Amino acid sequence: MIPEPDILVVGAGLGGVAAALAACRAGRTVVLTEETDWIGGQLTSQAVPPDEHPWVERFGTTASYRRLREGIRAYYRQWYPMRSEALALTDLNPGAGRVSKLCHEPRIALTVLEAMLAPHRAAGRLTLLTEHRAVSAETDNDVISAVTLEDLRTGDRATVTARYVIDATETGELLELGGVEHAMGAEAQSEFDEPHAPDQPQPLNQQGITVCFALSHHEGENHTVDRPADYAFWRSYRPDFWPGPLLGLQAPDPRSLEPVPRTFVPNPDIDPLAVSADQSADAGDKELWGFRRILARGMHRPGAFDSDITLVNWPLNDYWLKPLVGAGEETSAQAVGEARQLSLSLLYWLQTEAPRQDGGTGFPGLRIRPDITGTDDGLAKTPYVRESRRIKAVTTVTEHDVAIDLVGPYGGTRHRDAVGVGSYRIDLHPSTGGDNYIDIGSVPFEIPLGALVPRRVRNLLPAGKNIGTTHITNGCYRLHPVEWNVGEVAGALAAHCLAEGVEPEQVQSEDKRYETFARVLDRDGVQRHWPDVRGY
């Protein structure tokens, strides 16, 4: 029997977990659902180490996000056989990956996230339903009155009523189920006058997805997988805008689009303590093994690990042939299936055909790691989803708010209703509409509360990539710390509205009500404004 909560949070990715924590912290009862058996979304079931801005160790995140990061570090310090030099680092980067100052294994993040939720579950405030998905929603007078959930293990269905519903799904599924006005794909340039928008609306033009996986390397061993069913296709596939075959070490530089060679050398003999992760100085994506490395053997006492572990989320396995959202369930399933075949084909190519520095080909010692991803085949439980349905919001964040070429390095829109901050380049991967990378410098930005408030529906809030951005600005709003911030604010706002007897639109539009809510966020450690920093 599912209890009737104050707040229903559908989706337990980073935004959903943060929303549940904030609502429970405010004393509200919450039902939190998740389609997979792992909470954490892009950090766990999608197996993506955090993409973060260069100031993350000092400021620019919420206090609870910092607790998550420090919890991950504490786990490694307590349980892993780390060198004394690594243990002494306050800014420990367990994997010494170049994409982030905190590259780590998905299971460690899962453990810490579950620990953060544990007190609320013990107190009875939080009910967590894994392997459940929303299948329908009932509406009444601009209110989501009930959501029906399906247990994916048994097929049983149950209907949950709650005073507030938070959509923290990866693709904004409740927006579709509840008839909430939303956008998909690329808006026309005429809608917001964005320089990088297309002439016509392209709802099925969406960023590619990626099925990630983890690898270790064991020289002298043979871990070659069976040849994937679609290997012939992917081995010969060459996109029009690519400098060679997709399965190859030549790829466009995302910022310049010039062809750039990548290197792949497993277990390089480099001290991981010498690695610096700062994407404002170096994107770090040219040396593939170290780019998203999540375990560095050199961080640990000699002999503890015989290989690094790296996370494969590269240009070589981005998939963009079919859209994930809005083209029907059959097309969505085909997209996921083909993306999985691409990743398996990349693995097989690496094991059998990839060029080696010694002049040979193939690395049969590469071993896919199902123990890291928690799956039978070693692929991540779900694809890395970069783009969702997006609410038609009171405030839409556009390129004019954040693009460095439009606002200058110290510019950016200052919002009277700021509820958080974020920073990242506008980073769009190749898309289902045939676009190459769109990678634009941006400025540190404030998150407006208006981007979380639907124009019509009164009790639904977004808690992830489904807020009021555009196809373009989603590129800098879609990363881990921003998703967490958005989710935390959504949960806090729902709880605040219940306590004060008001609705989200009132909190956003009325200065005094907003100021009262802002004090709640300040108390909880939600940073709402940036110090004087420069975009990149």
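We use all heavy atoms of the structure for the numbers below, so side chains are in, but hydrogens, waters and symmetry mates are not. Only a predicted model underlies this, so the values are computations on that prediction, with no experimental measurement involved.
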Are the charged groups of [X] and [Y] less than 4.0 angstrom apart, N to O?
X	Y	result
Arg25	Asp524	yes
Arg58	Asp91	no
Arg121	Glu114	no
Arg478	Glu483	no
Arg292	Asp285	no
Glu35	Arg133	no
Arg107	Asp371	no

Atom [atom1] of residue position [X] - does it have more than 12 heavy atoms of other residues, nucleotides or ligands inside 6.0 Å?
X	atom1	answer
Asp269	CG	no
Asn222	CG	yes
Glu329	CD	no

Any non-hydrogen side-chain atom of [X] less than 4.5 Å from a side-chain atom of [Y]?
X	Y	value
Val421	Ile447	no
Gln357	Val265	yes
Leu68	Val112	yes

[X]: which residues meet the salt bridge (Lys or Arg N to Asp or Glu O under 4.0 Å) condition with it, sequence neighbours left out?
X	answer
Asp37	Lys381
Glu34	none
Asp435	none

Item to check | Mutual orientation of the aromatic rings belonging to Tyr80 and Tyr76 [parallel < 30°, tilted 30-60°, perpendicular > 60°] | outcome: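 Because their plane-to-plane angle lies in the 30° to 60° range, the rings of Tyr80 and Tyr76 count as tilted.
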
Checklist entry - Would a line drawn from the ring center of Tyr477 to the ring center of Phe445 be shorter than 6.0 Å? => result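 Yes, they do, as the ring centres are separated by less than 6.0 Å.
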
Checklist entry - Using the benzene-type ring in the case of Trp, are the ring centres of Trp349 and Tyr237 under 6.0 Å apart? => result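 Between Tyr237 and Trp349, which both carry aromatic rings, the centre distance is not below 6.0 Å.
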
Item to check | Leu428 and its side chain to side chain contact (heavy atoms under 4.5 Å, CB included) partner, picked from Asn436, Ile440, Ile472, Asp439 | outcome: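 Looking at Asn436, Ile440, Ile472, Asp439, the match for Leu428 under the side chain to side chain contact (heavy atoms under 4.5 Å, CB included) is Ile472.
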
Checklist entry - Only one of Val30, Thr33, Ile166 clears side chain to side chain contact (heavy atoms under 4.5 Å, CB included) with Leu8; which? => result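 Among the candidates, only Thr33 passes.
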
Item to check | Stepwise side chain to side chain contact (heavy atoms under 4.5 Å, CB included) check, Thr61 with Asn485 | outcome: CA-CA 7 Å; Thr61 70; Asn485 191 326; over 6 Å; no

Next on the checklist: Checking Arg367 against Glu221 for the salt bridge (charged side-chain N to carboxylate O under 4.0 Å, His left out) test, could you report, in this order, the C-alpha distance in whole Å, the side-chain angles of both residues, the deciding distance, and whether it holds?
Outcome noted: CA-CA 9 Å; Arg367 179 158 66 96; Glu221 301 179 12; 5.3 Å; no

Item to check | Full working for side chain to side chain contact (heavy atoms under 4.5 Å, CB included) between Leu89 and Leu273 | outcome: CA-CA 9 Å; Leu89 294 174; Leu273 296 181; 3.6 Å; yes

Next on the checklist: Testing Arg69, Arg425, Lys101 one by one against Glu52 for a salt bridge (charged side-chain N to carboxylate O under 4.0 Å, His left out), which residue passes?
Outcome noted: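 Result for salt bridge (charged side-chain N to carboxylate O under 4.0 Å, His left out) with Glu52: Arg69.
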
Next on the checklist: Cation-pi check for Phe363 against Arg356: NZ or CZ below 6.0 Å from the six-membered ring centre and within 45 degrees of the axis, yes or no?
Outcome noted: yes

